[in-house]
Undergrad: 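Would you mind keeping the following structure in view while I ask a few things?
First the proteins, then the strands, lettered A, B, ... as listed; each starts at 1.
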Amino acid sequence: QDLSLPNGTPVDTSSPASSSSLLNRLQLDDDLDVETRDLFVTVDDPKKHVCTMETYITYRVTTKTTRAEFDLPEYSVRRRYQDFDWLRNKLEESQPTHLIPPLPEKFVVKGVVDRFSEEFVETRRKALDKFLKRITDHPVLSFNEHFNVFLTAKDLNAYKKQGMALLSKVGESVKYVTGGYKLRSRPLEFAAIGDYLDTFSLKLGTIDRIAQRIIKEQLEYLVELREYGPVYSTWGGLEVELSEPLEGVSACIGNCCTALEELSEDMTEDFLPVLREYILYAESMKNVLKKRDQVQAEYEAKLEAVALKKEDRPKVPTDVEKCQDRVECFNADLKADMERWQNNKRQDFRQLLMGMADKNIQYYEKCLTAWESIIPLLQDKPETK
Amino acid sequence: MEDCLAKKMEITVSEAEKRTGRNAMNIQETYTAYLIETRAVEPQSEGQCAPVDSLWRRYSEFELLRNYLSVTYPHIVVPPLPEKRADFVWHKLSADNMDPDFVERRRIGLENFLLRVASHPVLCQDKIFYSFLTQEGGWKEMVNETGFQLKADSRLKALNATFRVKNPDKRFTELKHYSDELQSVISHLLRVRARVADRLYGVYKVHGNYGRVFSEWSAIEKEMGDGLQSAGHHMDVYAASIDDILEEEEHYADQLKEYLFYAEALRAVCRKHELMQYDLEMAAQDLTSKKQQCEELATGTVRTFSLKGMTSKLFGQETPEQREAKIKVLEEQIQEGEEQLKSKNLEGRDFVKSAWADIERFKEQKNHDLKEALISYAVMQISMCKKGIQVWTNAKECFSKM
């Protein structure tokens, strides 16, 4: 096949990395309809396992697919966090030119967070589900061998032990040497991405702090409200005609307390984790940018070395050619991934922020209902005794 | 109620002004003076408005008026004055008496006090009250001339009576108990409400920080930028809205405070009853012992042990003449005592009757006012919720355009 880039340059299809990159470049439209999708992955059903040495949680990973790369149309396996962590590391190793989605934080401070509480497990499950779905949606990562094994293997540990011995069809990409070369000039677009990610992380960090502060203030407000409501009830006990109205106000405040509690919980469980995920995402993306810089620097160094030799060579040596290849592939993969990432980010934040607004609306609606319902009670004229 | 002053005269406390002057000890001081405006509510010819009379009074004069009314009408639950010093404040409000917000709320409270007195069927007819509203000069002297301070019961006397009275009217005992509890519960409520206001303020204000960070973030975004920026603006609106909300709530707190202070007035009426009852009991006791003495002297028998009886037995009897003289004195005292007892009894019964009538009037007023206050509080909460829904709906729309 005679493939060429949109600008006319012919593409070297011999290197395995570039063929998948091509697929990547051509498939920029990632609004995949459900009908055209051929791989569905879900994480659910957390279960606690108590063993002599340790206690841990596993999650069920269900796969439904029509892809040829899978032997069966359906799979159901159980995986624990360290399996996901292994997968992510493998992806970073084997697909260094791509942006790998983040995992929820590995370590939690013992004693502060209960690793086995329903809320924590559910938050983690959602994050792990999102992690796999992001990989599933990626035109290159979703075809990764390790990903396939993760989704299908009955005994993942056995596979893990095999390690480097396994040969893959797609092929392990060449290890990119970070040889400490100095970069001459970073292409503007990658410099821009770097700057963007820096500011982006900063702003998300600020939003995280603000959201935490709001939750803290809300909980302190809740503490006072919980004392406030019952005082009306106590007063009601002293009165005759005002007894019902005062009780009504007390109950109303109680309902508002419940609504507020729900709001704070939702923000803690749904809002903050997603923010933190994106901060981690930005961090790992910056690392990929650094690797790209290294690859470019290596190429430039080797090219310069050749130019200095001043030999009358008609051809550029193959290893320099390979370097050039790597640079171009890296740039292309990264560009495509960045575009995809930007689009997903926009959708994710749109959903996240709309969700936050929604939760606040629901909180106020619950309170509104409570207060509106006691107006008739307050206005009620008691029957003459 | 038909002759109520409030119906015949429009009363307002329309202004407050800072003044400096020299006080009784010739020391320079700053105080606030309040302008009382009155106007007759009478049908005027050809749509003419009645002229407005006005005079300035300071808080201490209001206090003097109230003290006079409390002493002169002890059977009436006298309306309370707004607080002298700012209490139950949450952090944003100033506890400074000179703070304009405090002065403003006090102005409203003083107007409310005057209206309460003017609509009271008994108090509104008082001449001193009328002069307070209409006569600028010489009013203080007029009040002092009534000599009401002399009529005031000492605190010690009142406390003594509370402990020692044997048969107070049960209704008053219960009412005193109620007023104590009411005072306690409203104080608690006001304290917690102030803390709630404080915390709520914090929640709203922190949201303002979103405004700035969204704006900064929007600067680096292409498609998301506009949505973020406009949502940030709504967060600023949200944060700013709490100031008006909490200011409105202060009116609710003031309504509760009035009844907190009313509890004190209620208790004062109960204490007056106890004092009168104790007085009565003491007078009756005194009369009984005098009658007994008289009987003993007349019959020569000592029915119960008395020191006088013993000493006279030990140190010899008196002469018949001495005895006759003593009996006569006692008989006079007994007659006086019986008349006094009769009038005290009458006084006591009258007091109970009129006090209880005013208490019933007060109860109805209280129930009506507090119900209204609770309704207005609920309405405030509803308004706050609706504002919240509006702001977040606007923000959600901005986010949807991201």
Side-chain angles (χ1 to χ4, degrees), chain A residues 195-196 199-200 202-204 206-207 209-211 213-214 216-218 220-225 227-228 231-232 234-235 238-242 245-246 248-249 252 256 342 345-347 349-354 356-361 363-372 374-375 378-379, chain B residues 178 181-182 185-186 188-189 192-193 195-200 202-207 209-210 212-214 216-217 219-224 227-228 231 363-364 366-367 370-372 374-375 377-382 384-389 391-402:
Chain A
D195 289 339
Y196 170 82
T199 311
F200 179 73
L202 265 175
K203 295 309 148 195
L204 283 196
T206 306
I207 293 173
R209 278 193 299 281
I210 295 171
R213 176 86 188 275
I214 289 175
K216 177 171 171 280
E217 296 282 342
Q218 279 172 343
E220 287 176 345
Y221 171 55
L222 187 61
V223 166
E224 303 299 348
L225 271 188
E227 193 183 325
Y228 185 51
V231 182
Y232 281 99
T234 306
W235 189 359
L238 290 178
E239 301 285 341
V240 176
E241 203 180 306
L242 291 175
L246 288 167
V249 171
C252 198
C256 293
Q342 283 285 13
K345 172 211 79 184
R346 185 172 66 85
Q347 285 180 35
F349 275 98
R350 183 174 175 274
Q351 192 183 36
L352 182 73
L353 293 168
M354 282 177 75
M356 169 173 95
D358 244 340
K359 290 184 183 107
N360 278 280
I361 292 170
Y363 159 72
Y364 278 112
E365 281 179 344
K366 285 177 202 162
C367 292
L368 181 65
T369 306
W371 286 105
E372 280 183 334
I374 64 152
I375 292 274
L378 293 176
Q379 287 173 330
Chain B
Y178 166 78
E181 306 253 277
L182 185 70
V185 86
I186 297 184
H188 189 192
L189 193 65
V192 185
R193 193 213 69 90
R195 293 205 304 262
V196 166
D198 216 1
R199 292 301 179 193
L200 189 62
V203 171
Y204 270 74
K205 286 302 176 189
V206 179
H207 278 85
N209 293 329
Y210 274 145
R212 194 178 56 198
V213 74
F214 282 171
E216 290 167 0
W217 183 9
I220 59 168
E221 296 292 342
K222 294 191 197 90
E223 290 160 331
M224 278 169 55
L228 275 176
K363 275 187 190 163
E364 257 191 65
K366 176 204 78 174
N367 287 336
L370 288 174
K371 231 188 222 184
E372 289 297 312
L374 289 176
I375 290 171
Y377 184 65
V379 168
M380 274 181 235
Q381 300 305 306
I382 288 169
M384 179 170 87
C385 290
K386 285 189 174 159
K387 276 190 208 158
I389 291 171
V391 163
W392 283 104
T393 306
N394 291 342
K396 185 179 172 185
E397 225 196 281
C398 295
F399 291 138
S400 75
K401 299 202 180 114
M402 269 166 52

Undergrad: Nearest 0.5 Å, please: how far is CG in A:L378 from NZ in B:K371?
TA: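 Output value for this atom pair is 8.5 Å.
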
Undergrad: Roughly how far, to the nearest 0.5 Å, is CD of B:Q381 from CD1 of A:I374?
TA: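 One gets 9.0 Å once the value is rounded to the nearest 0.5 Å.
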
Undergrad: Tell me which of these, A:V249, A:T234, A:L204, A:D358, has more heavy-atom pairs under 4.5 Å with chain B than the rest.
TA: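 It is A:D358.
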
Undergrad: In Å, rounded to the nearest 0.5 Å, how long is the span from CG of B:L228 to CG of A:L353?
TA: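 It comes to 6.5 Å.
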
Undergrad: Counting heavy-atom pairs under 4.5 Å to chain B, which of A:L352, A:I207, A:L246, A:T369 comes out on top?
TA: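 Counting heavy-atom pairs under 4.5 Å, the top option is A:I207.
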
Undergrad: Is the shortest side-chain heavy-atom distance between A:E217 and B:K205 below 4.5 Å?
TA: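 No, their side chains stay 4.5 Å or more apart.
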
Undergrad: In this structure, are over 12 heavy atoms from other groups packed under 6.0 Å from B:E216 atom CD?
TA: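 Correct, the count exceeds 12.
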
Undergrad: Flag the pair A:Y221 / B:D198 as yes when at least one side-chain heavy-atom distance between them is below 4.5 Å, and no otherwise.
TA: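 Side-chain contact under 4.5 Å: no.
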
Undergrad: How long is the span from the CD atom in A:E365 to the OG1 atom in B:T393, to the nearest 0.5 Å?
TA: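 One finds 7.5 Å between CD of A:E365 and OG1 of B:T393.
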
Undergrad: Using 4.0 Å as the upper bound for N to carboxylate O, is an ion pair formed by B:E223 and A:R350?
TA: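 Salt bridge flag = no for B:E223 with A:R350.
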
Undergrad: Considering non-hydrogen atoms only, spot the tightest contact between A:L238 and B:L182 and give its length.
TA: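 Heavy-atom minimum between the residues: CD1-N, 3.8 Å.
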
Undergrad: Tell me, side chain or backbone of B:I186 under 4.5 Å from chain A's heavy atoms, or both, or neither?
TA: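 Just the side chain, heavy atoms under 4.5 Å.
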
Undergrad: Distance check, rounded to the nearest 0.5 Å: B:N394 atom CG versus A:I361 atom CD1?
TA: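 Separation between the atoms: 9.0 Å.
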
Undergrad: Please report the interatomic distance CE(B:M224) to CD(A:Q347), rounded to the nearest 0.5 Å.
TA: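 Result: 11.5 Å between the selected atoms.
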
Undergrad: On a heavy-atom basis, which atom in A:P245 and which in B:L374 lie closest, and how many Å separate them?
TA: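 The answer is CB-CD1, 4.0 Å.
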
Undergrad: Looking only at heavy atoms, which two atoms of A:Y364 and B:I389 are closest? And how far apart?
TA: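 Heavy-atom minimum between the residues: CB-CG1, 3.5 Å.
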
Undergrad: Are the side chains of B:E221 and A:F349 in contact, using a 4.5 Å heavy-atom criterion?
TA: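 No - every pair of side-chain heavy atoms lies 4.5 Å or more apart.
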
Undergrad: Do the side chains of A:E239 and B:K366 get close enough for a salt bridge, i.e. N-O under 4.0 angstrom?
TA: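 The answer is yes: the pair qualifies as a salt bridge.
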
